[in-house]
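Structure first, commentary second.
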Amino acid sequence: MAIKQYEDNGKKLYEVYVNGSNGKGQRIQKRKRGIESIRKAEVLEFELKREIAFLKEQKQTYRFGEWFNECLNRMKIAHRPSTIYNYDKQLGKWILPKWDKIPISEISKQQVYGVIFEEVDLSLSPWTRKTLLKMVKRIFQMAVDDGHLDRNPCVGIQIKAPDADQKVLTSQEVEIFLREAKSTNHRLYPMWVMALMTGMRSGELFGLKWSDIDFDGKTISVVRQWTGRFQDSCRLDQLAS
């Protein structure tokens, strides 16, 4: 912030420059030239400072696209890249093109219902729609928690999905499967051993780092961030040889 003096055709004039940020943290710059006296420049500087202070205190309304990107950046701190990728891929494909420029405060429950049940591809399964609703609900809940919304427009909307028919291998089937995979030297054998003998999910397997493995203690540590930084571990000597 400064008042600078300059000359124009031999006449002494002043320039006022003030900068700050608004309620979103975005940089604001205000500049005015051609002021005839230092007193007028000082008064103008004071007024411009007041304007910026007002904008900083004023609650700013995010558009959905802006808030979505803000949420992704925040989620990078506490979530795995695979989670961020899923949000970006799913919501970026089905939701963002429809709501990108709409202020989040103007998105109603009816609009949420419409986009989930009527506007996305009708061939999507109930499970995919349920996942989309869960993601959208989380994005809006972050806005509620941050004070940008008074309520979550997704509350009360439900999707009924049929129970999944999950088939689980028996102990004998697991033994046969791993024995055959090992005998054929299948390239995925090590991964199958890890999955079946530890119960780790695919995201946990692909997210493993060398630092998660304690060769001396013969343990593998898995941090499940969505359960509050709960750390689980398994014994390396429990894996099939």
Side-chain angles (χ1 to χ4, degrees), residues 21-26 57-168 195 199-208 222-232:
S21 59
N22 61 18
K24 293 182 183 179
Q26 297 171 328
E57 294 298 325
Q58 189 178 38
K59 184 181 291 187
Q60 299 292 313
T61 300
Y62 281 89
R63 294 179 178 180
F64 184 83
E66 295 173 332
W67 182 244
F68 176 59
N69 289 328
E70 175 68 18
C71 290
L72 289 184
N73 288 330
R74 295 185 185 187
M75 291 168 67
K76 290 177 181 177
I77 300 174
H79 295 80
R80 293 183 180 275
S82 58
T83 300
I84 310 302
Y85 174 79
N86 287 333
Y87 270 77
D88 193 19
K89 181 179 179 181
Q90 297 295 334
L91 297 189
K93 179 178 181 179
W94 300 113
I95 307 299
L96 193 59
K98 303 178 186 302
W99 289 351
D100 185 23
K101 302 300 182 181
I102 302 178
I104 57 175
S105 59
E106 296 181 10
I107 299 176
S108 65
K109 179 179 291 187
Q110 289 74 19
Q111 286 175 290
V112 175
Y113 185 93
V115 76
I116 295 295
F117 288 93
E118 301 170 1
E119 297 179 32
V120 299
D121 191 338
L122 296 179
S123 65
L124 292 181
S125 69
W127 282 107
T128 301
R129 294 176 192 276
K130 192 170 185 176
T131 299
L132 286 175
L133 178 60
K134 182 180 179 181
M135 290 180 172
V136 171
K137 186 175 183 179
R138 186 173 189 176
I139 294 299
F140 280 120
Q141 189 57 46
M142 291 177 71
V144 173
D145 295 341
D146 222 42
H148 300 295
L149 292 177
D150 296 326
R151 59 179 180 79
N152 190 326
C154 298
V155 172
I157 300 177
Q158 296 182 348
I159 297 177
K160 292 183 179 180
D163 294 334
D165 183 17
Q166 296 183 340
K167 296 182 179 180
V168 181
M200 280 192 283
R201 302 175 178 89
S202 59
E204 294 169 341
L205 286 170
F206 286 109
L208 280 178
V222 181
V223 177
R224 294 177 177 172
Q225 295 167 322
W226 53 87
T227 59
R229 302 293 299 176
F230 173 76
Q231 181 164 303
D232 201 358

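Nothing fancy with the numbering, it's 1 onward along the sequence.
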How far does [atom1] of [X] sit from [atom2] of [Y], to the nearest 0.5 angstrom?
X: Glu119; Y: Gln111; atom1: CD; atom2: CD; value: 8.5 Å
X: Thr83; Y: Leu72; atom1: OG1; atom2: CG; value: 11.0 Å
X: Phe68; Y: Ile104; atom1: CZ; atom2: CD1; value: 13.5 Å
X: Asp146; Y: Gln141; atom1: CG; atom2: CD; value: 11.0 Å

Residues forming a side chain to side chain donor-acceptor pair (under 3.5 Å) with Glu70, sequence neighbours excluded:
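Glu70 satisfies side chain to side chain donor-acceptor pair (under 3.5 Å) with Arg74 only.
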Who pairs with Ser105 by side chain to side chain donor-acceptor pair (under 3.5 Å), at least two apart in sequence or on another chain?
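Per chain and number, Ser105 pairs via side chain to side chain donor-acceptor pair (under 3.5 Å) with no residue.
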Would you indicate whether the side-chain heavy atoms of [Y] and [X] approach each other to under 4.5 Å?
X: Ile116; Y: Ile157; value: no
X: Trp99; Y: Val112; value: yes
X: Ile159; Y: Trp127; value: no
X: Tyr87; Y: Arg138; value: yes
X: Leu91; Y: Leu96; value: no
X: Arg63; Y: Asp100; value: no
X: His148; Y: Thr61; value: no
X: Val136; Y: Ile139; value: no

Taking atom CZ of Phe117 as the centre, does the number of heavy atoms from other residues, nucleotides or ligands within less than 6.0 Å exceed 12?
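For Phe117, atom CZ is crowded (more than 12 foreign heavy atoms under 6.0 Å).
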Any chance NZ of Lys134 has more than 12 other-residue heavy atoms, nucleotides or ligands included, within less than 6.0 Å?
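Result for NZ/Lys134: open.
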So, using side-chain contact (heavy atoms from CB on, under 4.5 Å) as the criterion, who are the partners of [X] when residues are at least two apart?
X: Ala195; result: Leu205
X: Lys93; result: none
X: Lys76; result: Asn73, Ile84
X: Ser123; result: Asp121

Atom of Met142, atom of Cys71 and distance for their closest heavy-atom approach:
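The answer is SD-SG, 3.8 Å.
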For Trp94 versus Val115, what's the shortest heavy-atom pair and its separation?
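Taking every non-hydrogen atom into account, O-CG2, 4.4 Å.
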Is the shortest side-chain N to carboxylate O distance from Arg201 to Glu204 below 4.0 Å?
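Salt bridge between Arg201 and Glu204, a charged N being under 4.0 Å from a carboxylate O: yes.
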Without swapping roles, check the side chain of Arg129 against the backbone of Ala161 for a donor-acceptor pair under 3.5 Å.
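Checking the backbone N and O of Ala161 against the side chain of Arg129, no donor-acceptor pair under 3.5 Å is found.
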Backbone of Lys160 reached by a side-chain donor or acceptor of Lys130 within 3.5 Å
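No, because the side chain of Lys130 does not come within donor-acceptor range (under 3.5 Å) of the backbone of Lys160.
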Describe, in one word, how the ring planes of Phe140 and Phe64 are oriented to each other, choosing from parallel (under 30°), tilted (30 to 60°) and perpendicular (over 60°).
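Ring orientation of Phe140 relative to Phe64: tilted.
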Please report the C-alpha distance between Thr128 and Ser125 in whole Å, then the side-chain angles of each, then the deciding distance to 0.1 Å, and finally whether the side chain to side chain donor-acceptor pair (under 3.5 Å) criterion is met.
CA-CA 5 Å; Thr128 301; Ser125 69; 3.0 Å; yes
